[in-house]
Protein chains: 2
Amino acid sequence: MSPIHQTVAPRRGRPRRDRQPLTRQRIVAEAMAVVEGAGLAGLTMRGLAKRLGVDTMSLYNHVDSRDALLDAITGAVFADLRLPPATGGLRADVRAAAHAFRDTALRHPRCTHLALTRRPDSPTGPGPVAAALGILRRAGFPPATAVRVLRTGLAYLVGALLRELSAIPASDDAARRAEFDFGLDLLITAITDADRDARRG
Amino acid sequence: MSPIHQTVAPRRGRPRRDRQPLTRQRIVAEAMAVVEGAGLAGLTMRGLAKRLGVDTMSLYNHVDSRDALLDAITGAVFADLRLPPATGGLRADVRAAAHAFRDTALRHPRCTHLALTRRPDSPTGPGPVAAALGILRRAGFPPATAVRVLRTGLAYLVGALLRELSAIPASDDAARRAEFDFGLDLLITAITDADRDARRG
DNA sequence: ACCTGAACACCGTTCAAGT
DNA sequence: ACCTGAACACCGTTCAAGT
């Protein structure tokens, strides 16, 4: 970032902010930066193009529309989610999965807010969903029940994170974390009890 | 609605869609109808004014901005929420409160989606919040715990309804209702168990 | 007090033309 | 294949003028 290292290659024609070719990936990354900095309303195709040193219409060679760009941001948020390897302990694994989700959310709060509130229902890619289902299946839940338990957990996650993401400027991380864990542990206890009951009877 | 009953009073000047004075309430009600019919993106100040038979700028005598109008819609959605009188049974009362919330949501799905995803954190007016806290306090939860339990329940509600509202065209009401109740009962069991444990130790 | 029209400063996107 | 500029059909909102 120091100016000393800013060796600018000679340019022909109109000055550009950079020489890298425009790609879909660069567009999405820059769009995410704009959303994090200026909010969703601050993301315009014209402003984004200017930041990339490109004509507005060039964006449309890589992205169908502003709406498609928002979908791409949503995809990028969830692509960032990685669940840790399962240990076999139901409580520990559910906790770890929920915290991995929360960590991703806190890494890009505004983009995650966007991702969680867009229509397409499945809030995560197939990878993490399969992993989370695996945790519940290994604990002994039959397939249909595992899906319902997972959906219940996702509902809590989405609601809790939506609230937390909106509260980020207002309250400190430790308080928000305690709040998140209270509800999470309540839910996990319900899940483990349901699991125990299912095994018993 | 029948044309027979459309007795149109004589008019002077340019034809108007109606003669009622423009009020904030009429603006908000019409805006909600637009959102339900055409989605949030279909709500424009210009289009809304046209529907009300009024110049665009007249809206600004009653509403500060489009954003303020969305806040007003959010308020109207939650104003529609009424919790049934509590019976004293924790499970029955929590169930009834959650279903009252869901009923309101299903009455205006798109406006509720808007309301649940807007930044302001408290998703309900003070009335229902106090009532819900009362249910938990009467069950024996100390004040701080009651607040946390309530927030956990609200997180589930918000997440579950957001998902359900997006699924409305796709799946039938009975299936969605069963899905909602599964998670709700799981959560209520966790709450009643925590309550029992708190009373015991 | 409430309503209006013109004007301002923006938008996303289509299209035909460039390289 | 990718980029560009002009143009189209919109936006929300300010402001000064009407009643």
Side-chain angles (χ1 to χ4, degrees), chain A residues 9-35 37-74 110-111 114 118-119, chain B residues 9-35 37-74 110-111 114 118-119:
Chain A
R11 285 168 183 171
R12 290 186 301 159
R14 186 173 313 186
R16 286 284 177 71
R17 196 154 297 164
D18 51 58
R19 326 217 38 165
Q20 308 156 53
L22 189 59
T23 62
R24 183 181 166 89
Q25 202 178 36
R26 284 187 62 220
I27 293 173
V28 173
E30 193 73 27
M32 290 180 73
V34 172
V35 169
L40 183 56
L43 177 68
T44 63
M45 299 302 272
R46 292 166 120 107
L48 182 59
K50 193 164 285 174
R51 280 177 61 124
L52 288 162
V54 125
D55 186 278
T56 305
M57 286 308 103
S58 302
L59 299 176
Y60 287 86
N61 290 308
H62 303 89
V63 163
D64 277 342
S65 63
R66 182 175 187 272
D67 213 60
L69 178 57
L70 301 190
D71 283 338
I73 291 174
T74 299
R110 284 174 141 165
C111 289
L114 163 67
R118 275 183 82 71
R119 292 287 184 166
Chain B
R11 286 166 181 170
R12 290 186 302 158
R14 186 173 315 188
R16 287 284 179 72
R17 195 151 299 164
D18 50 61
R19 326 214 42 162
Q20 310 158 53
L22 189 58
T23 63
R24 182 180 167 88
Q25 204 178 34
R26 282 188 62 221
I27 292 172
V28 174
E30 193 73 26
M32 290 180 73
V34 172
V35 169
L40 182 56
L43 178 68
T44 63
M45 300 301 273
R46 293 167 120 106
L48 183 60
K50 194 163 288 177
R51 280 179 61 124
L52 288 162
V54 126
D55 186 279
T56 304
M57 287 307 102
S58 302
L59 299 176
Y60 287 86
N61 291 308
H62 303 90
V63 163
D64 277 342
S65 62
R66 182 175 186 272
D67 213 61
L69 177 57
L70 300 191
D71 283 338
I73 291 175
T74 299
R110 284 173 140 166
C111 289
L114 163 68
R118 276 184 80 73
R119 293 285 184 169

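In what follows, chains carry the letters A, B, and so on, assigned in the order in which the sequence lines appear, proteins first and then strands, with residues in each chain numbered from 1.
- Phosphate proximity of dC2(C) to S58(B): absent, as no side-chain N or O sits under 4.0 Å from OP1 or OP2.
- Among the protein residues, T56(A) comes within range of the nucleic acid bases, having at least one heavy atom under 4.0 Å from a base atom.
- If you take CG of L40(A) and P of dC11(C), they are 14 Å apart, rounded to a whole angstrom.
- For D55(B), the side-chain atoms get nearest to dG5(C) when compared with the rest of dG5(C), dT4(D), dG12(D).
- As rounded to whole Å, 14 Å separates atom C1' of dG5(C) from atom CG of L59(B).
- For V54(B), counting side-chain heavy atoms from C-beta on, the closest listed nucleotide (dT4(C), dT13(D), dT4(D)) is dT4(C).
- Proximity of a side-chain donor or acceptor of R51(A) to a complementary backbone N or O of E30(A) within less than 3.5 Å is not detected.
- Per the geometry, NZ belonging to K50(A) stands 17 Å off C1' belonging to dC3(D), to the nearest Å.
- One interatomic measurement links the two molecules: CG of L52(B) to P of dC3(C), which rounds to 11 Å at whole-angstrom precision.
- Atom-to-atom, CZ of R66(A) to P of dC10(C) comes out at 16 Å; the value is rounded to the nearest Å.
- The partner of dC3(D) cannot be assigned: no Watson-Crick or G-U wobble pair with both contacts below 3.5 Å exists in any strand.
- Listed nucleotides: dC11(D), dT13(C), dA6(C). Nearest to the side chain of M57(B): dA6(C).
- In summary, R66(B) and D71(B) do not engage in a salt bridge, as defined by a charged side-chain N under 4.0 Å from a carboxylate O.
- Under the Watson-Crick or G-U wobble criterion, with both distances below 3.5 Å, dG12(C) is paired with dC8(D).
- Across all strands shown, dA17(C) forms no Watson-Crick or G-U wobble pair with both key distances under 3.5 Å.
- Set against dT13(C), dC3(D), dG12(D), the side chain of N61(A) has dC3(D) as its closest nucleotide.
- The separation between Y60(B) atom OH and dC8(C) atom C1' is 13 Å, rounded to whole Å.
- Considering only side-chain atoms of R46(A), the nucleotide from dA7(D), dC3(D), dG5(C) that sits closest is dA7(D).
- Side-chain N/O atoms of H62(A) include one lying less than 4.0 angstrom from OP1 or OP2 on dC3(D).
- Side-chain atoms of T74(B) come within 3.5 Å of backbone N or O of L70(B) as a donor-acceptor pair.
- Protein atom CG of L70(B) is 10 Å distant from nucleotide atom P of dT13(D), rounded to whole Å.
- Between the side chain of H62(A) and the backbone N or O of I27(A) there is no donor-acceptor pair closer than 3.5 Å.
- R118(A) has a carboxylate O that lies under 4.0 Å from a charged side-chain N of D67(A), or vice versa, which qualifies the two as a salt bridge.
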